[in-house]
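Comments concern the structure below.
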Amino acid sequence: MPCSDRDRRAEVEPSIYAADFANLGAQIEALLDAGARAFHVDVGDGRFIDSITFGPVVVRSIAPIVAARGGELDCHLMVSEPERHFEQIKAAGGTSVTFHVEASADPPAAIRLARDVGLGVGVAFNPETPVASAATDAEGADLALCMSIRPGLSGQAFMPSALERIAELRRLLPASVHVQVDGGISAANAAAVRAAGADLLVAGSAIFWHDDLAAAYRGLCERVELGNVTTVR
Ligand code: DX5
Ligand code: ZN
């Protein structure tokens, strides 16, 4: 059974920011074959983060490939005024948007807007942003995203301080809200991230910067399974 099946307790999401964009469709197909279901799509505007990444044009190209296999595009908006982009993401075929609490003037309104547009929704917290108010900030959202790097680039090292923040989010949020982690996830830390309480693990370089993407993906899934523990809430 692939680790992305809905009835499994955790999921690894390949982050296409680390992909080879000359071979993006083939790389996504290989990961779908390996069992991946949700793909993480990093939209960056050169303002909220220094880098300009990609946006709805790329979402539009890959959405049919992913949707044909029952998959989803989880769009991480590392942009200022994220609400301005929800409709375009939806129209391009995105499944959900995760916006940064630091970038939105009114997170509850942004959550409502995403729902109105017909998108799933998450709220992201940068490493230096306290998560103590997460229960309010992420009320009504599907997930809370704990950044374990400063957002901007694939290939950075995991910040160990994220483990405590993951556990805090898991304690603060209802069981129905996923705790997602993004940044520096690798075979070396995936089990610990899972054990801390995360159930959605985003991985870019740990998958795409390997020759055999499917093997790298499956290896991470195995590590996540090793981290399956009963979390005390
Ligand atoms: C960067 C992005 C991440 C990135 C993760 O800010 O949000 O999703 O692709 O890449 P790795 O897993 O290499 O840290
Ligand atoms: Zn991301």
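Along the sequence shown, residues are numbered consecutively beginning with 1.
- Judged purely by distance below 3.5 Å, without hydrogens or angles, the side chains of S96 and E72 never pair a donor atom with an acceptor atom.
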Between H40 and I16, is the side-chain contact (heavy atoms from CB on, under 4.5 Å) condition met? List the steps.
CA-CA 6 Å; H40 183 87; I16 66 163; over 6 Å; no

Determine, stepwise, if the pair T129 / V101 fulfils side-chain contact (heavy atoms from CB on, under 4.5 Å).
CA-CA 9 Å; T129 302; V101 69; 4.0 Å; yes

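- Atom CZ of R223 has 12 or fewer heavy atoms from other residues, nucleotides or ligands within 6.0 Å.
- Shown here is D20, whose CG atom has more than 12 heavy atoms of other residues, nucleotides or ligands within 6.0 Å.
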Audit row: V202, F39, side-chain contact (heavy atoms from CB on, under 4.5 Å) steps and yes/no
CA-CA 9 Å; V202 174; F39 290 82; over 6 Å; no

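- Note: the hydrophobic cluster containing L143 does not contain L172 (ILVMFWY, side chain heavy atoms under 4.5 Å, direct or indirect links).
- F54 and F21 have tilted rings, their planes meeting at an angle from 30° to 60° on a 0 to 90° scale.
- Results of the side-chain contact (heavy atoms from CB on, under 4.5 Å) test with L77 over T98, V41, D45, V97 single out V97 as the only residue that passes.
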side-chain contact (heavy atoms from CB on, under 4.5 Å) between L113 and F99, worked out
CA-CA 12 Å; L113 177 62; F99 66 88; over 6 Å; no

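- Judged by distance alone, the side chains of D74 and H76 never bring a donor and an acceptor atom under 3.5 Å apart.
- Remark: E29 CD is packed, more than 12 non-hydrogen atoms of other residues, nucleotides or ligands lying under 6.0 Å away.
- Side-chain contact check for E102 and H100: at least one donor-acceptor pair (N or O, by modelled atom type) lies under 3.5 Å.
- Among H178, R115, Q180, the one residue that satisfies the side chain to side chain donor-acceptor pair (under 3.5 Å) test with D142 is R115.
- In this structure, R150 places its CZ atom where only 12 or fewer heavy-atom neighbours from other residues, nucleotides or ligands lie under 6.0 Å away.
- With no hydrogens or angles considered, a side-chain donor-acceptor pair links N228 and R194 at under 3.5 Å.
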